[in-house]
Amino acid sequence: MTKENLLRALPSVDRLLAEPQLKEITDKIARSYVVEAIREVLNDIRRHIREGETLPEEDLSPERIAQEVRHRIEALASTSIRRAVNATGIVLHTGLGRAVLPEAALKRLAEVASGHCNLEIDLKTGSRGKRSEHYQKLLTKLTGAESALAVNNNAAAVFLALNTIAHGREVIVSRGELVEIGGSFRMPSIMASAGVRLIDVGTTNRTYVSDYENAITEETALILKVHTSNFSIIGFTQSPTIGELVELGKRKGIPVMEDIGSGALVDMSCFGLRSEPMVQESIRAGADIVTFSGDKLLGGPQAGLIVGRKDLVEAMAQNPLSRVLRIDKLTIAALEATLKLYFDPDSVIHNVPTIRYIGRPLREITRLANKLRARLKTCLGNKAQIEIISGFSDVGVGSLPGQQLATKLVAISSKDLSPTELAKRFREADPPIFGRIEDNKFLLDVRTIENHEIATIANVASKILSD
Ligand SMILES: *Cc1c(COP(=O)(O)O)cnc(C)c1O
């Protein structure tokens with residue numbers, strides 16, 4: 001057929017709308033949307049023909065074209081951000097959305113989002129209130145600080161604090177603490193963006209109080225301590241405690257800030273882990289400002305929490321940047337609910353998923369692993385080999401680096417699919433399931449999965465391995 005004949009032979013829009021598979025769709029979504037998709041596909045085909053591409057004739061049948069239209073519509077209609085199963089064994093995984101919110105936070109979030117709310121209205125007076133009032137008292141009570149402010153994330157918290165306290169002036173930091181946390185958070189870059197001059201003191205492995213003291217000038221606005229959360233230097237090391245820096249700051253009249261990052265409010269050593277610096281300890285030691293994330297060890301929504309001296313926090317709230325970095329009503333609802341759980345420290349382990357996953361007893365993990373293995377064996381038969389092996393989980397996002405939690409892993413191996421191919425198929429499934437590959441085995445770490453997800457994993461596995 002000539003180009004002209006091919007073009008003329010293309011089905012019309014109406015003809016395509018009458019195709020059963022598109023008729024079915026027009027019952028569910030707007031007809032104009034389907035018409036637009038049809039025009040788009042027809043235009044693409046016309047272009048291919050004009051450019052002289054040879055298309056098999058059956059590709060131009062109404063049925064085939066309708067099929068292509070349907071695929072395009074379905075691809076657009078499918079949701080992009082979706083619930084996933086985290087069987088990586090990394091409790092706080094930035095790529096997988098960090099902390100799973102507590103049930104109480106989900107409830108409050110849905111309730112607040114489903115209608116209007118008193119975000120910035122003082123119910124007593126009816127006049128304009130502050131959004132910070134919903135969580136301020138909770139944070140000050142839990143940490144012992146005078147005042148508190150929440151912003152978008154901890155990077156924003158550090159940025160706002162530096163910009164408010166030290167803009168155009170000098171901030172002293174140890175060379176060993178000029179950390180990078182994830183690709184885009186590098187302490188020196190944040191300091192430069194915040195408009196402060198970085199004065200680094202000491203060496204990579206050893207810094208003394210005297211190094212800070214010798215660097216103090218008229219221009220010094222702040223002494224900063226950064227928790228080196230995602231690595232540890234071991235061996236010949238030395239760095240002053242926050243208490244020692246506070247003593248120096250008091251003597252010289254310079255505020256001291258600690259960026260704690262992971263921000264534990266409960267003592268991690270009760271899970272057999274080396275203890276993480278706790279926010280309330282830093283405040284007790286006299287830090288003027290402490291910053292930490294809402295979605296790391298606190299186990300709440302993404303936020304950056306700033307606690308400390310009232311005059312400094314107030315100055316930050318007055319900084320126009322606080323408006324740029326402020327959190328929304330959904331985050332406030334989830335944050336308030338999460339913080340409330342910490343008033344009953346004994347129940348935190350049950351009610352805050354992040355803490356529950358970290359503290360999950362090995363016998364519970366073993367029970368889950370056995371259950372998953374049994375389910376997989378039942379639905380996969382001899383299509384795959386399933387075994388349980390011992391291994392370790394990670395807390396993730398730089399919290400508790402180098403410390404591993406003993407766990408059980410369910411290994412799936414198949415004669416036909418490589419571990420990489422298995423991982424890819426699980427990842428591309430609905431819902432996406434994330435495991436990890438170790439020693440050339442595809443592994444599912446059950447530490448961070450829920451009981452009801454076992455059936456989901458088994459369903460996906462039987463689809464993947466029966467194809
Ligand atoms: C994680 C972390 C940050 C960045 O916090 P986000 O909430 O990811 O913005 C900054 N400082 C330290 C020490 C951290 O551990």
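Counting starts at 1 for both ligands and their atoms, in listed order.
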Enumerate the atoms of ligand 1 whose separation from the nearest heavy atom of [X] is less than 4.0 angstrom.
X    : result
H227 : 13 (C)
R98  : 6 (P), 7 (O), 8 (O)
G261 : 12 (C), 13 (C), 14 (C), 15 (O)
S293 : 5 (O), 6 (P), 7 (O)

Nearest protein heavy atom to [atom], by residue and atom, and its distance?
atom                    : result
atom 14 (C) of ligand 1 : K296 NZ, 3.0 Å
atom 12 (C) of ligand 1 : I181 CD1, 3.1 Å
atom 11 (N) of ligand 1 : D259 OD2, 2.7 Å

So between I190, V397, L297, N154, whose heavy atom ends up nearest atom 5 (O) of ligand 1?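 Heavy atom nearest to atom 5 (O) of ligand 1 belongs to N154.
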Within a strict 4.5 Å, meaning less than it, do heavy atoms of the [X] and [Y] side chains meet?
X    : Y    : value
S262 : S293 : no
L160 : I306 : yes
D416 : L465 : no
E258 : V279 : no

Tell me yes or no: between the side chains of K408 and N370, is some donor less than 3.5 Å from an acceptor?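 On atom types as modelled, these side chains do not qualify, holding no pair under 3.5 Å.
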Hydrogens and angles aside, do T331 and D328 bring a side-chain donor and acceptor to less than 3.5 Å of each other?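 Yes, because at least one side-chain N or O of T331 sits under 3.5 Å from a partner of the opposite role on D328.
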State which residue, out of V313, V307, L312, I289, fulfils the side-chain contact (heavy atoms from CB on, under 4.5 Å) condition with L149.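 Filter result, single survivor: V313.
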If you measure from each heavy atom of M187 to ligand 1, is any distance below 4.0 Å?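 Checking ligand 1 against M187, which is what was asked, there is no heavy-atom contact under 4.0 Å.
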Judging by distance only, is a nitrogen or oxygen of A155 under 3.5 angstrom from one on ligand 1?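 The answer is yes, given that A155 and ligand 1 share an N or O pair closer than 3.5 Å.
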